[in-house]
Protein chains: 2
Amino acid sequence: MKLRIVVTLKNGVLDPQGKAIQHALGSLGFDGVADARVGKLIELDVADDTSDEAIDQMCRKLLANTVIENYRVERQDSVA
Amino acid sequence: MKLRIVVTLKNGVLDPQGKAIQHALGSLGFDGVADARVGKLIELDVADDTSDEAIDQMCRKLLANTVIENYRVERQDSVA
């Protein structure tokens, strides 16, 4: 079973990498970039009988820092 | 206009960060993780009149290294 875990910074958490991208795009002549935020995408191939509970635990224990990050689990077959 | 740029490593390119995640999940007792790959997710807020051409150029010039990475542009309103 293929999963996509999307980890993004919570609103209000400073994102220097995003700011750097925003400024770099401006320097390259791309105007009108109002904001840029950077997150992580983790693609996992797990056993088909893996429970939702286990997947949630993986995210909480390792993949996301829930103090500053949100995470979302997308099943690959539900993604275009 | 909100965009989501998904940047992933091409198949065949080694992904040490993904391997580290795979092994760490195993050490934590999550069995059956066959593979893990890590990518980037860049959320951009651009002017509504930004052309597809300009978005493509942003990806090629700054956001993705097209030698080793693929990128995909998703319009936020088409994402659940």
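Keep in mind that the numbers below use all heavy atoms, side chains included, and drop hydrogens, waters and symmetry copies. Throughout, a chain's letter reflects where its sequence line sits, starting with A, and its residues are numbered from 1.
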(request) Spell out the residues in residues 18-28 of chain B that have some non-hydrogen atom less than 4.5 Å away from a non-hydrogen atom of chain A, in order of number; otherwise answer 'none'. (result) B:Ile21, B:Ala24, B:Leu25, B:Leu28
(message) Give the interface residues of residues 38-48 of chain A toward chain B, defined by a heavy-atom separation under 4.5 Å.
(response) A:Val38, A:Gly39, A:Lys40, A:Leu41, A:Ile42, A:Glu43, A:Leu44, A:Asp45, A:Val46, A:Ala47
(request) Answer yes if A:Met58 and A:Val6 sit in the same cluster of Ile, Leu, Val, Met, Phe, Trp and Tyr residues linked by side chain heavy atoms under 4.5 Å apart, and no otherwise. (result) no
(message) What's the separation between atom CD in A:Gln57 and atom CZ in B:Phe30, rounded to the nearest 0.5 Å?
(response) 5.5 Å
(message) Using heavy-atom distances under 4.5 Å, tell me whether A:Val7 contacts chain B through its side chain, its backbone, both, or neither.
(response) neither
(request) Side chain from CB out, backbone as N, CA, C, O: work out which of these in B:Leu3 comes under 4.5 Å of a heavy atom of chain A, or both, or neither. (result) neither
(message) Quick check on the hydrophobic clustering: are A:Met1 and A:Tyr71 connected, directly or via other members, by side-chain heavy-atom contacts under 4.5 Å?
(response) yes
(request) Using the rule that two of Ile, Leu, Val, Met, Phe, Trp, Tyr join whenever any of their side-chain heavy atoms come within less than 4.5 Å, decide whether A:Val67 and A:Leu9 are in one cluster. (result) yes
(message) For A:Glu69, is the CD atom crowded, meaning more than 12 foreign heavy atoms sit under 6.0 Å from it?
(response) yes
